[in-house]
Amino acid sequence: MTQPLARVLIHALADHGAREVFGIPGDFALPFFRHLERCGRLPLYTLSHEPGVGFAADAAARWHGGLGVACVTYGAGALNMVNPIAGAFSEKSQVVVISGGPGVSEGHRGGHDGLLLHHQAKTLDSQLQVFREITCDQTRLDDPQRAPVEIARVLRSCREQSRPVYIEIPRDQVDVPCDPVAALPPSPVEAEAVAACADEVMARLDRAERPVLLVGVEVRRFDLEARVGDLARRLGIPVATTFMGRGLLSQEPVPSIGTYMGLAGCPEISRVVEESDALLMLGVLLSDTNFGVSGERIDLRAAMLAADRAVRVGFHAYPDIPLADLIDALLDRAPVEPSVCAAIPAPALPRDLVADDAPVHPRDIAAAVNDLFDRAGPMPIAADMGDCLFTAMDMRHTPLVAPGYYATMGFGVPAGLGICAASGRRPLVLVGDGAFQMTGWELGVCARHGWAPLVVVFNNASWEMLRTFQPDSGFNDLEVWQFARLAEALGGRGHRATTRAQLRAALDAAHADESCFQLVEVMLPRGAISDTLARFVGAIKGANRPMGT
Ligand SMILES: Cc1ncc(Cc2csc(CCOP(=O)(O)OP(=O)(O)O)c2C)c(N)n1
Ligand SMILES: [Mg+2]
């Protein structure tokens, strides 16, 4: 039975696992938003600026281990979201971008012989061209006969490649009758290739004296944490996460040794990972932030990498092997019962904050958060780029979303809102003053949606991370914005902490109040940076590697 194309698309999104939509309408998207609102199958969360829409949808996708949906208008809206979607592409997040677009009938007018359309950039196709560069599949739904197959193909691409996709819906097609979408079967996988690959991986692990499991973001993106936790226990292998993978398996009882960060991390963890004679990397991105500060170049000939639907075992390459298929095949070959794993103590985290009148250091924030989590239970964390993310490495292992590779600022607060919507839980948001100046204002929509995140602003009145790379530049100095006072104006409650005693009290008061968002502004002396950032910068400088930061 046919339905309006917009309804067909909404049901297809939900049938493929979408749980909500984040968006900002515009005249090219109003008809579609009306269907979203009237259909009610997917809750619609409007925000105040499209970068926030993209970051929130990305965080929701990461939380679900599935689809996040960002819905915007043509031109000014969609092109405002290029940076978050580029970040979602880099960090393999399953975001579906839905943009309203010029009507099929309008398309013939634009450009040379007709009137130029408002929001049009170079040509009416410019937007689609831009999104071709930051998505793995795209379609424009300008033919209702083909629309069901197009939608099915694009949504399968999003799920299987764990990358964003782009769907443009011309505004005069929204109500056109269309058949429902029949989900495509999974792309074919050669079972014998999976078996051969799993046999070789197991043989290497069996021969090894120091096997290690290094887990990365694809384990979350494909919702494989429980299976990987089971594999680690049954193989009796110590588990480390990459920098990007921090927070992975935090809900799984596994022999975890913490987060590998090369020279920037705990030397004991780095030694175990870099000296492994069978490093099995599952879902790991070989990026500079994950490995750029390796003390010893990890010998990839002795390593095994399963990512991007392919597996490399030493010099052997196995294409078209989905991560889930490999993990299931390894589970079929692993001992049924958990194996004993040699104890490798994870590094001690800062705790027991001394609540005195001393100024606050980033490690004090980590201690205060760990003390709070010990007292009241851990919270999911959304972190922005800046020293707040490096400080998060000293916080208790808990689900964490952060731009650990693409490294864009502005992610933290909108990502926290995405976690509010996706999980129904209250997140801890960590954000620097510079990044807050970009997207922190999204907190103003919390009252609209009943969200009450606990936000900690690391206020050093500085682009401090850049200062650590280039201390002699004065342009990294920022003014002191009164974020705690601004919180009140946005409908939240602000707390300011200048000493460690005030930090402890502010966190307790903020945690106790769930009536509105809470903003704890922590004043940090300029130059006070986390130990991890100090090591990270030292390692980069020592290696003279240019950082993208
Ligand atoms: C969208 C974007 N524009 C510029 C930059 C480049 C940058 C990386 S880190 C940084 C300073 C961050 O200042 P903040 O106060 O938030 O945190 P902290 O360093 O701890 O003081 C900048 C400007 C990035 N990564 N993304
Ligand atoms: Mg700062």
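Indexing begins at 1, ligand by ligand and atom by atom, following the structure's order. FYI, side chains are in, hydrogens and waters are out, and symmetry mates aren't considered; it's all heavy atoms of this structure.
- Only the side chain of N460 comes within 4.0 Å of ligand 1, judged by heavy-atom distances.
- Residue M379 is tested with I419, T398, V429, L454 for a side-chain contact (heavy atoms from CB on, under 4.5 Å); the sole match is L454.
- The distance criterion of under 3.5 Å between nitrogen or oxygen atoms is met by A407 with respect to ligand 1.
- F22 places none of its side-chain heavy atoms less than 4.5 Å from the side chain of C71.
- Between L478 and ligand 1, no N or O atom pair is found at a separation short of 3.5 Å.
- For ligand 1, the polar-atom distance check against W463 finds no nitrogen or oxygen pair separated by under 3.5 Å.
- In this structure, V480 and Q482 have side chains that are in contact, with non-hydrogen atoms separated by less than 4.5 Å.
- D27 and H118 are linked by a side-chain donor-acceptor pair at a separation below 3.5 angstrom, with hydrogens and angles left out of the test.
- Backbone and side-chain nitrogen or oxygen atoms of G434 are examined, and one is located within less than 3.5 angstrom of a nitrogen or oxygen of ligand 1.
- A heavy-atom separation below 4.0 Å is not found between G410 and ligand 1.
- In the vicinity of D433, heavy-atom distances shorter than 4.0 Å reach the ligand 1 atoms 15 (O).
- When heavy-atom distances to ligand 1 are checked against a 4.0 Å cut-off, L466 comes that close only through its side chain, counted from C-beta outward.
- Polar contact with ligand 1: present for M465 (N/O pair, distance under 3.5 Å).
- Within the 2.8 Å limit, N459 places no N, O or S atom next to the Mg ion (ligand 2).
- Backbone and side-chain nitrogen or oxygen atoms of A435 are examined, and one is located within less than 3.5 angstrom of a nitrogen or oxygen of ligand 1.
- Looking only at side-chain heavy atoms (C-beta outward), E20 and H64 come within less than 4.5 Å of each other.
- Among the backbone and side-chain atoms of M465, no N/O/S atom is found under 2.8 Å from the Mg ion (ligand 2).
- For the pair L417 and P453, the minimum side-chain heavy-atom distance is below 4.5 Å.
- Here the N, O or S atom of D433 that is nearest to the Mg ion (ligand 2) is OD1.
- Each of the following atoms of ligand 1 lies closer than 4.0 Å to a heavy atom of T408: 1 (C), 26 (N).
- Inter-residue side-chain proximity for Y74 and L124 is flagged as met; some heavy-atom pair is nearer than 4.5 Å.
- Scanning all heavy atoms of the two residues, the minimum distance from L44 to G23 falls at CD1-N, 4.3 Å.
- Put simply, the side chain of R526 reaches to within 4.5 Å of the side chain of D477, judged on heavy atoms.
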